[in-house]
Amino acid sequence: MIGPVVAVSGVDVVRGGRFLLRDISLEVSAGEHWALLGPNGAGKSTLLHILGAFGHPTHGTVDVLGARLGRVDMRELRTHIGHVDPRHRLDLPLPVHDVVLTGLTNTPELDHRRTYTRAEHERADDLLAILGMADRRELRWTTMSQGERGRTLVARALMAQPSLLLLDEPATGLDLAAREQLLAGIDQLRSQVADLASILVTHHLEDLPTSTSHALLLRDGRSVVQGPVADSLTSTTITECFAHPVELRRTDGRWSATSPGQRGPN
Ligand SMILES: Nc1ncnc2c1ncn2[C@@H]1O[C@H](COP(=O)(O)OP(=O)(O)OP(=O)(O)O)[C@@H](O)[C@H]1O
């Protein structure tokens, strides 16, 4: 697409007389992969909710995929946005492959009025393979582990070939191996879909994929810093954002954070 994938300008969100977001501006271009970081209550989910076309700002403007919120059919816009929400509601024992296919309509179940093409079935299998789920076709949603669900939801979000992928704490609850597989899968997807833009919310720097290119740090609804990771992800910015002394390191593309003076005997 021409122009930014996301353009946020002067956004406030006020609920019950309280500013949940204050004067947020942000521009995300195709091919950029943003981390949205901040302590509990900073406003991360509130911002992602709006970018996912689930809500409107109180003041300011938000354009997503070239559409101005408030002037478009939000439901239609949502079908062009891949949204990975760990609170995805599904109570049916759907096979993993079918869960991925529901991403085409962004519905909880398969749309039985619709025919799913052979290419769509193949795409579901390809996405599951990228996310390390190729050998788990017999799994059903109701008995899947949290890690299996997390990876399935990323594949589901990508079925409709969105230009924007929103990931809300995708690594929460995953064991070490599942997290590493998920992050490797996200890195692989990002390299395969050149124009994809994404925004990933997390509290944990260890949960950032190596392909993360930019970061927005929020505190009390305000932007502390934003921009390319070389400038925005430093010990100083993270210390300020979390109001806690933090030493940040980057090794082989991955970040880790510790409090100074709390390292062990080695
Ligand atoms: N509808 C609402 N009305 C009033 N306050 C709300 C509403 N929704 C969220 N809040 C408050 O807004 C603040 C920001 O919430 P939000 O969920 O965006 O934070 P977050 O950064 O995602 O937090 P966490 O890391 O804990 O998930 C919190 O203090 C929350 O209690």
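As the structure is a prediction and not an experimental result, all values here were calculated from the model. Start at 1 and go down the list; that is how both ligands and their atoms are numbered.
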Margin query: Give me the nearest non-hydrogen protein atom to atom 13 (C) of ligand 1 as residue plus atom name, then the distance to 0.1 Å.
Written below: Gly41 O, 3.7 Å

Note to self: Under a 3.5 Å threshold, yes or no: a donor from one side chain and an acceptor from the other, between Ser223 and Arg22?
What the structure shows: no

Next item on the list: Could you walk me through whether Val64 and Ile50 pass the side-chain contact (heavy atoms from CB on, under 4.5 Å) test, one step at a time?
Entry: CA-CA 9 Å; Val64 179; Ile50 289 174; over 6 Å; no

Note to self: Just to confirm my output: which protein heavy-atom neighbour is closest to atom 16 (P) of ligand 1, and how far is it?
What the structure shows: Thr46 OG1, 3.6 Å

Next item on the list: Indicate yes or no: does Arg190 engage Glu32 in a salt bridge with an N to O separation below 4.0 Å.
Entry: no

Checklist line | contact_flag Gly16 ligand 1 heavy-atom lt 4.0 Å | finding: no

Next item on the list: Identify the heavy atoms of Ala124 and His97 that sit nearest to each other, and give their distance.
Entry: CB-CE1, 3.7 Å

Check: For atom 3 (N) of ligand 1, what's the nearest protein heavy atom and its distance?
Finding: Arg15 CB, 3.4 Å

Check: Starting from atom 26 (O) of ligand 1, which protein heavy atom do you reach first, and at what distance in Å?
Finding: Asn40 ND2, 3.0 Å

Checklist line | Leu20, portion touching ligand 1 at heavy-atom distance under 4.0 Å | finding: side chain

Next item on the list: For atom 25 (O) of ligand 1, grab the closest protein heavy atom and report residue, atom and distance to one decimal in Å.
Entry: His203 NE2, 2.4 Å

Next item on the list: Could you tell me the residue and atom name of the protein heavy atom closest to atom 17 (O) of ligand 1, and the distance to it rounded to 0.1 Å?
Entry: Ser45 CB, 3.6 Å

Next item on the list: Report yes or no: does a heavy atom of Gly221 sit under 4.0 Å from some atom of ligand 1?
Entry: no

Checklist line | Closest protein heavy atom (residue, atom, distance) for atom 30 (C) of ligand 1 | finding: Arg18 NH1, 4.4 Å

Next item on the list: Give me the one residue out of Val201, Leu21, Ile199 that meets side-chain contact (heavy atoms from CB on, under 4.5 Å) with Lys44.
Entry: Val201

Notebook entry, point to check: Between Met133 and Val96, what is the shortest heavy-atom contact and its length?
Noted result: CE-CG2, 4.0 Å

Next item on the list: Considering heavy atoms of the protein only, find what lies nearest to atom 19 (O) of ligand 1 and give residue, atom and distance to 0.1 Å.
Entry: Gly43 N, 3.3 Å

Next item on the list: Search all heavy atoms of Ser25 against all heavy atoms of Gly10 and return the closest pair with its distance.
Entry: OG-N, 3.0 Å

Checklist line | ligand 1 to Gly38 polar contact by distance, N or O atoms, under 3.5 Å | finding: no

Next item on the list: Over all heavy atoms of both residues, which pair between Leu248 and Ser235 is shortest? Give the atoms and the distance, please.
Entry: N-OG, 2.9 Å

Next item on the list: Work out which heavy atom in Cys241 is nearest to a heavy atom in Arg219; give both atom names and the distance.
Entry: O-NH1, 2.9 Å

Check: Which atoms of ligand 1 have any heavy atom of Ala42 under 4.0 Å away?
Finding: 19 (O), 20 (P), 21 (O)

